[in-house]
Each structure stands twice: as C-alpha cells, then as structure tokens.
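Residue numbers begin at 1 in each chain, while the letters A, B, ... track the order of the sequences.
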Amino acid sequence: MQNESFPSDEGSFLSERGMVTVNKKIIIKTLEEIALHMELLGENPFKVGAFRKAAGVLEQDPRSLAEMDDILSLKGIGKGTGAVITDLLEKGESELLKELRERVPDGLIPLLKIPGLGGKKIAKLHKELGIDSADSLRAACEACEVSKLAGFGKKSEEKILAALEAFGQRPDKLPHWQLEPVVRMIGNVLDAIPEVNRHQVTGSYRRTAEMSSDLDFIVVTKEPERVNEALAAALPVIGTDASGAAKLSVTVDADEPVDVDFRFVTEEQFASAIHHFTGSKDHNVRMRQIAKERGEKISEYGVEQEDGSVLTFDSENDFFAHFDLPFFPPTVRKDGTELERADELETLIRPEDIRSDLHMHTVWSDGAESIREMAEACRELGYSHIVITDHSRYLRVANGLTPERLRDQIREVREADSEVDGIKILCGTEMDILPDATLDFDDELLSELDFVIASIHSNFSQPQEKIMERLFAAVSNPHVDMIAHPTGRIIGRRDGYSPDVAQLIEWAAEYGKILELNANPYRLDLAEEWLELAAEKGVPIAINTDAHSVGQLSYMETGVLYAQRAWLNRDMIVNTWTLDRFLSHLGRER
DNA sequence: GCCGTTTTCGGCCCGACTGTTTTCAGTCG
C-alpha cells in the first residue's frame, strides 16, 4: 500500500539539530534495508527473510518503542537482528548496515524493480561487470556484455533494455477505481469465450485494496490452451510475460497499461485456486503453516493429505471449514493475524447491514437527479432513510445553495418525504468549512436541518495548523453532526489537505461527532489505518456514497468492503442503525 | 538469521514459467 522507498530518498536518520532520534520506524526501515542489501549480495534467502520478518514483527506490534521493554525477546528477533536494534538504540546507527552499504552501491537497489532481475543476478552483474547503476547496466547491455555472462542470454539483455526504457514511466500500482473498468472489460471478454465455464477476479483487487499492482483472474476451463489463445486474441495485449497451459500473463492496454494474470484450473480446483490467488501472501503463509502442523499441504490445487491424495472443495467456505475455521472475507485476509480474530467476524460490517445513506447530492446543487429520484432509488436498495445533503453557497462551481435556496429545499424535502412511501427523507446539507475557519451557514439555519455535514473543498495547501483550525470550527459547532471525507484525498492522484487525523479523531470523540468513510472509490476517505484508530477511540463512522447520481449509490458496497479491512464492527457504523436510533443519537437541541 | 524443546541441526510455503540449459536455477506471485 505504501510506496516502496529506497534509502536514497529515505531522508536522513538525523534530525535537524544533528541529534539522533531513533524510533520504531527507523528500526523497521533499517532491518528492511539490511535485508535489501543482503539480497543484492546473494545472501541465503532465509537469512534475508529473517531480517524482513523481524521488521514485520515490530510493525505488527501496536506498542511504541518506549512501551516495548521486551523488544529483544519478541518471537522473530534473535541474536543478529537484536544486535542491530541494540546498535541503533545505543549508537543511533547500525554497524551492520554501514558495512553493507559500503559493499553495495546505492545504484543497485532500484535495479531490483526490473522484472527478471533478483538479488542473485544483480549480484552477478555487479561482480562480473562492475555494474553499479541503471546507467552502467544500460551501457553494458548496449555493448552486449551482459549476454556473455553465464545464466544470461540475448533475450535477457533485450528485456533489461526494454525495462530500463520504461523505468519510472509507469506507476507501480493503480488505484482500485482505475482498475474497476478494466476488470469489467476482462469479465466481458471471459464471458464471451465458450470454453470458459466460470471465472473470478482475485488478488488484492478482490481484497478491496486501494491500489493494486496487477489483476489476477481464475478461469475454470477444460481447454486451457484454447482459452489462452482466445484471451490473447480478444484482449488489447501490449506484452506477454508468460504463456502456458496453467497460466497467461499479459500487459493489457487500458488508460494505463495493466498487468493481468490468468490461471486456468478445473472446476474441482476452483475454490482452492481463488483462495490461493486472493491472498494475501501473508495470509496464505499462515494458512499453510496451519496445514503443515496437521500434516497437510496447501497448494493452489487443493489440500494434499499425508497419503498424497489431494482434497478439493466446493467453496472457499468449505476450504476454511476443513481447517476448523469460519469463512474469512477476502477483505480481512491481510497479515495472517486475522486468523486469531475469528470471534470478531460475527459483528463485522456487511453490505446487507446498511440501511441508510447520509450523504448525497441532487439537481439542487451538482447532482444529476431529483430528490424524489434519489429517494426512490434508495428505497429500491432497501434503505429505511436517507439524508439529502447538497452543497452550500461557497461552492459556486457546484451550484451551492444560498440560505434562501436551502430553505426552499427544506420545504421540498418535507414535501417529497410525505409523498414518497417506504423511506424517510431527511433534510441536510454538505456545508463548506471556509478558508478563514468559519462555516458557510449560521447556527440558526443549521438548527432547521436534521443532519449537518461539514467539509473542506478549498485551499487544500494551507498549513496544517490552519486546516486544523478549520476542522475545529466544524467539530466544535453543536449543530455539525459529521465531517465528510476528512482528508480530501483522491487515491493515486492527490494527498488531500493533510490534517492531523489523530487529533481530529480525538476531537470527534470529545465532541461526539461522526466521521465519514466516503465510499466513493476515488476517495475511500478515511483511510484504513484511521478507521482503525477511530474504532479504537469509539468514534462512530458513517459509510456514505456522496452520490451525485442514482448510479453512484452503488459505491456503498465498495465502502463497506473497505471498512471490513479495518475490522469495523457494524454497531459503530451509523448507517446500520434504525431511523429511531439515528435520530436519538443526533438528539441535539433544535 | 531464527526457531524448536519427542529437533541445537535442518528446516524455513509452494508451484509455474523462462531462459538458459542439456537437467535446472532464478524469479515471481
């Protein structure tokens, strides 16, 4: 999820005053950097893995460095990794890393990103040809020196050159929203191939990760070669990485090039295959360990028994049941620790728990449909109540409502509510928090509304202090009920206005405000880690679509799935509540 | 490098594909 960062752009471990300030993050980064360097020296992969694992153990531990008095006795931290930590704590730097840095040129590290090059091959290039950077690698390829090395050939040389050409041109990962249409397009292509019996997108996309580096499809067929050919012919393929009877790996031309893997399996293998390729990697490792303890072996094809026979399953449900586990939704399959949280699955938020949407727009501001049309569409979705929340006057580009127009709208909402059966329509606003930290409507007008959302849509680049002053103005106003899209981020495009989210969550807890998980796939704001913190602090969350049209009401599902990633309990999700409970929660003076 | 404790040595998740081989190592997911 995070961008991979390399030591070169990592910034110094020294603070401005030159004093060494070692925190947990630095220890984690150091361990990871050591692993990276060892990989390039062709070290034993298990040794490399041990350093990665130690970093992971620290990351996993919720405590800060100061709270960890037993850091050296944690499982996964031993003599070698412990020495690095001790070194860092005592001297502020790692002797081992220093040594490794002297042996490994900085320029080698980015080369790990070139497909087909791993630690061993890069080590060889360095040792045999003195390659120490992307530039020297390019020169060596152009001089045809690389193909002379044992283990390399003409083809490797060409592939490396092509990869160097594309270096930095392509983003590592694409946002979920950008992949969605590609998934749909590929689904249609698969549907049209007669030899395909069924298919399922898996991978991090199925886990509703906000960014994915590729797409993985499991395809059930009896004729993999035919399907392989048909896919290659029907898709806008701009490159093929691997092609066989079991898999096809291609790069597909979309808005951005997208890497797509297809795995061909039989009907019996389907459940095991989708589990395997949905991951996460760490989840799979954990599952395999559990299998191993029982004398079994999990692969993408099934569960191998001690006698060599292979069990297959009708569904992922049955697969988990075989290990005496409940079904874990893809969204919670993360670092493997989820397997210890089976008792929380019962209360985990599910799409069918949602009974309202508290943030949507109509033709009154920048929406596409009328109040009645939105309400009727929500009724179709089975909701019991909704809030109409058009923009306020400051947002001119969105035709924001003046106080006069808002009063007119209130009348119209009341009227629509009395006319449309089967759903309660509430009056609200999405009111701007202005750049000067005042609110767009006065208290008197706000008191006439059922639900007040406050949001920032302007002057994102203000210093954090000012942004927080604005958010505080909203949070501390007794009429404001919720802060929408609290950071203003657009995934993969912009970071938003970078508030101090931890502080905002504290305030929300203190002033009894709701924070939004905006379900628009472009936003998914708040992000996962903040949702976890909000849950810890007992701050209620509303999952809202912010729909500007009837079609966008379907964003709700993505929002709920994303919320599962943060293990949100349905009881803390405001829009699972009944209308009565919702109104009594709001219960402010009117 | 780390772990276990019916193991202090011998594992560490598992399999497909590629490119370079003439039987397999390396990379990748």
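Looking at residues 320-329 of chain A, you'll see that no heavy atom sits under 4.0 Å from any atom of DNA chain B. Contacts between residues 293-319 of chain A and DNA chain B, defined by a heavy-atom separation below 4.0 Å, involve A:K297, A:I298, A:S299, A:E300, A:Y301, listed by number.
For B:dT7, the glycosidic angle deviates from 0 by 90° or less, giving a syn base.
For residues 200-235 of chain A, the set of pairs meeting the ring pair (Phe, Tyr, Trp, His ring centres under 6.0 Å) definition, not counting sequence neighbours, comprises A:H176-A:Y205, A:F217-A:F262. The stretch residues 323-335 of chain A participates, sequence neighbours left out, in these salt bridge (charged side-chain N to carboxylate O under 4.0 Å, His left out) pairs: A:R294-A:D324, A:E316-A:R333, A:K334-A:E528, A:K334-A:E532.
Residue contacts for A:N284: at a heavy-atom cut-off of 4.0 Å it reaches no nucleic acid atom on any strand shown. Within the nucleic acid shown, A:K75 comes within 4.0 Å of sugar-phosphate atoms alone, with no base atom in reach, counting heavy atoms only. Among the protein residues, A:F51 comes within range of the sugar-phosphate backbone only, with heavy atoms under 4.0 Å from sugar or phosphate atoms but none that close to a base. At the heavy-atom level, A:P115 lies under 4.0 Å from the strands shown only through sugar-phosphate atoms. Using a 4.0 Å heavy-atom distance criterion, A:I122 is classed as making no nucleic acid contact. Residue A:I290 is out of contact with every strand shown, counting any heavy-atom pair closer than 4.0 Å.
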Dump every N/O contact between nucleotides 21-25 of chain B and the protein below 3.5 Å, one line per pair.
none

Each nucleotide N or O in nucleotides 6-9 of chain B that has a protein N or O under 3.5 Å away: list the pair and distance.
none

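In a base pair of the Watson-Crick type (N1 to N3 plus N6-O4 or O6-N4) or a G-U wobble (N1-O2 and O6-N3), with each distance short of 3.5 Å, B:dC14 is matched with B:dG29.
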